[in-house]
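The next block holds one structure in the form of structure tokens; read it before the comments.
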Amino acid sequence: MLFGKTKKIVEDKEAELKLNLSNNYKDAAYKSFQEFISIIKDLRNDGKISDKDFEKLSSRVEEYKRKFRNYIN
């Protein structure tokens, strides 16, 4: 389970991503998606998220990947 500052970082970036998707801002949403992936990887490499949390977040990333599947950058 994510706690404190780590949780806030992840939730804020995901909220930004969802907001951009809901407003149909595809370029901004895709940029937020890339940042979301980067944040998760950085937190994982720094040891700030556990294996279990990483798996949960990875499943969210896969869901977003399906949404961006037909998006051409």
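The basis for the numbers below is simple: all heavy atoms, side chains too, and nothing from hydrogens, waters or symmetry mates.
Between R66 and E63, the closest side-chain pair of non-hydrogen atoms falls below 4.5 Å. Residues L21 and Y64 meet the side-chain proximity criterion, which asks for heavy atoms closer than 4.5 Å. Here the side chains of V61 and F33 are in contact, with some heavy-atom distance below 4.5 Å. When side chains are defined from C-beta on, Y30 does not count as touching K26, because their heavy atoms never get closer than 4.5 Å. Side-chain contact between E16 and E35 is present, with at least one heavy-atom pair separated by less than 4.5 Å.
Nearest heavy-atom pair, I39 versus I9, reported as atom, atom and distance to 0.1 Å: CG2-CG2, 3.7 Å. Of all the heavy atoms in A28 and N20, the pair that sits closest is O-ND2, 3.5 Å.
Heavy atoms of other residues, nucleotides or ligands lying less than 6.0 angstrom from NZ of K13 number more than 12.
The pair R44-D53 does not count as a salt bridge, with every side-chain nitrogen at least 4.0 angstrom from each carboxylate oxygen. A salt bridge links K65 and E62; the closest N-O separation between the charged side-chain nitrogens and carboxylate oxygens is under 4.0 Å.
Y25 and L19 fall into different hydrophobic clusters, defined by Ile, Leu, Val, Met, Phe, Trp and Tyr side-chain heavy atoms under 4.5 Å apart, directly or through other members.
L17 CG to K31 NZ: the interatomic distance, rounded to the nearest 0.5 Å, is 13.0 Å. Atom-to-atom distance recorded for L43:CG and I49:CD1 is 5.5 Å, nearest 0.5 angstrom. If you take CG on D51 and OG on S58, they are separated by 10.0 Å, rounding to the nearest 0.5 Å.
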